[in-house]
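First the structure, in the form of structure tokens, and then the observations on it.
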Amino acid sequence: MALRDIKPTRSELINLKRKIRLSERGYKILKMKRDGLILEFFKVLTEAKDTRGDLLDKYAKAVETMALANTVEGAIGVKSAAFSVAEIPEIKLKSKNIMGVIVPEIESSKVKKSLVDRGYGVLGTSTVIDETATAFEELVEAIIESAEIETTMKRLLDEIESTKRRVNALEFKVIPELTEAQDFIKMRLDEMEREELFRLKKIKARSAA
Amino acid sequence: MPAITGGPGPYIYVCTRMRVRKAKLIQKDEYQRMLNMSLPEITRIIGETAYKQEIDELATSFKGIDLIEVALSWNLAKEYQKILEITPGTLKQFTRSYLRRWDIQNVLTILRGKTQGIKHGKIKEILIPAGSLGRAMLDKLIAEDSVDRIIEALRGERMYPVLAAKIGEAKEIGSFSKMENELYRQFYADVIAEAKSGIKGGELYLSFIRLDIDVMNIKTLFRLRADTFEEDPHEMFIAGGVLTVNDFVRLNVIKDHGEFIDALRMKVKQKTLVSFLDELKEKKKVHDIEMSLTRVQLDQMERMSKLHPFSVHPILVYLEKKKYEVFNLRALARGKESKLASERISEHLVM
């Protein structure tokens, strides 16, 4: 805000004082929001580390059981069993609000299936197919859980960044500029008052003479 | 080669040939050596043995481990067809009926592949024409437009009545699992009926089938229990063995492992199965139990083949052992490709 553009009037001073009060209030609230978001982020971060670790373990287990299934049944047997899976898991996407940030809530169904719901007959397959199917069902569930938590984390991070920028803008630019303008106007008004006083004295002195 | 007709002479000839072929199969010490080899060495050995012809034929269409696996499967199918050609009289009939289980596997693969919209070539890759449905018939089935037309093309085959009866329900629930279970149940019912029909040698064939059924039912029980399956398991029970359907249902709901083993032991008469169950007091992984049951079954088949050297037993023993040779070579190749430890691969070999 260039000082030469400011009109040094009382009404302008009153406006500026109002703006400063509003900016300081907004600054306090945004700081609280930023701190609250950071706390929520650290909660989610702990959960995300656990789910990511769990996901990696389940992936390793799924890869291992698939290798065993290929070893025992051959790729032919595994592919033949895989053809039998017809039902696709259902995903329901909802949203929830964490301190004003909209984050996803994912509900899945028909991921984990029982022995008879997988589509292959028990009498024509072996248990290694069951183990592989179970391992991949657990992996899919872990992926869904991870997707929810990691998306939440990302959105919280984005919001924290945005709030931090606004807090910094208020703290280092907006409020100081407004304060500077306020001081300038006060100084000019005082100066104008002194000039007016001196002029009046002079006029009085001349009329007395 | 002159046609082999019935009578004791041809039976002795065929059974002797089966024993010779069985002796040429890969032995345990060779598998132990192969476990310590690298994948290229194993594939080289496979390529230099009885599987060379199939590997050469398929080398333009497949490569790597897929080539090995498909070549092994083709060789198995060819060998089975050769055995059917040279087997005489009632032995041929029993052998053919036993190999019909491969037809079930192939037809189900085609039905599922069609339902999922899988390309014809991809479906064809995973078929093993080791049953009564030859390659030409399987190609014809794959070329049909719909599941209904595939089933219609099988009119006259043994499995047609079950397919026609169950396809409606399968389409409704979106799964062929019930139909698959029913196909295998009907397969065993047909095989038992054939064995009991008064054909010469039927009693011996029946003893093999009963052993097979008992082993299947026990494997199924362990699998259902591992899944904590609490619904009605009737559909997964195969009649004709030592267990009745009520035994099967009752055994499935026993919660305690020790109690389950004791109850099963009371029902099973077969000595080798009883001693096997004695070792299961301590809980083991279901897959280990399955593998052990398979080995027990093969050992018992070997004993039956020695007790009845000129019957269907030597043929069935050879068919099973040839199947497991292919199984083992495939397991070695896939296991090495997946970088599994040799000890891990060894656990899954049937030696």
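To find a chain, count down the sequence lines: A is the first, B the second, and so on, and within it residues start at 1.
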Under 4.5 Å, counting heavy-atom pairs only, tell me which of Arg185(B), Lys122(B), Glu180(B) racks up the most with chain A.
-> Glu180(B)

Any chance NZ of Lys78(B) has more than 12 other-residue heavy atoms, nucleotides or ligands included, within less than 6.0 Å?
-> yes

Please say whether more than 12 non-hydrogen atoms of neighbouring residues, nucleotides or ligands are located less than 6.0 Å from NZ in Lys33(A).
-> yes

Between Met216(B) and chain A, which part of the residue has a heavy atom less than 4.5 Å away: side chain, backbone, both or neither?
-> side chain

If you tally heavy-atom pairs under 4.5 Å against chain A, which of Ile118(B), Thr220(B), Leu111(B), Val70(B) wins?
-> Ile118(B)

State, yes or no, whether a side-chain contact exists between Met291(B) and Val128(A) at a heavy-atom distance under 4.5 Å.
-> no

Kindly give the heavy-atom pair with the smallest separation between Ala82(A) and Gln116(B), and that separation in Å.
-> O-NE2, 4.1 Å

May I ask you to check whether over 12 heavy atoms, not counting those of Arg158(B), lie within 6.0 Å of atom CZ?
-> yes

Side-chain heavy-atom pair Asp227(B), Ser114(A) within 4.5 angstrom cut-off | yes

Can you say whether Asn181(B) sits under 4.5 Å from chain A via the side chain, the backbone, both, or neither, judging by heavy atoms?
-> both

How about residues 58-75 of chain A versus chain B: which residues have heavy atoms under 4.5 Å apart?
-> Glu64(A), Ala67(A), Leu68(A), Asn70(A), Thr71(A), Val72(A), Glu73(A), Gly74(A), Ala75(A)

Applying side-chain contact (heavy atoms from CB on, under 4.5 Å), run through Thr127(A) and Phe222(B) and close with a yes or a no.
-> CA-CA 9 Å; Thr127(A) 193; Phe222(B) 275 104; over 6 Å; no

For each of Glu125(B), Lys178(B), Arg344(B), Arg101(B), tally heavy-atom pairs with chain A at distances under 4.5 Å, and name the one with the top tally.
-> Arg344(B)

Taking atom CD of Glu195(A) as the centre, report whether more than 12 heavy atoms of other residues, nucleotides or ligands fall under 6.0 Å from it.
-> yes

Under a 4.5 Å heavy-atom cut-off, does chain A meet the side chain of Glu182(B), its backbone, both or neither?
-> neither

Interface moiety of Thr125(A) toward chain B, non-hydrogen atoms closer than 4.5 Å | both

Do Arg118(A) and Ser177(B) come close enough that some side-chain heavy atom pair is under 4.5 Å?
-> no

Of all the heavy-atom pairs spanning Val122(A) and Arg223(B), show the shortest one and how long it is.
-> O-NH1, 2.8 Å

Measuring heavy-atom distances to chain A, does Ile238(B) have an atom under 4.5 Å in its side chain, in its backbone, in both, or in neither?
-> side chain

Interatomic distance, Thr115(B) atom OG1 to Phe83(A) atom CZ [nearest 0.5 angstrom] | 10.5 Å

Considering only heavy atoms, which portion of His348(B) lies under 4.5 Å from any heavy atom of chain A: side chain, backbone, both, or neither?
-> side chain

One should read off an interatomic distance between Lys219(B) NZ and Leu123(A) CG, to the nearest 0.5 angstrom, of 11.5 Å

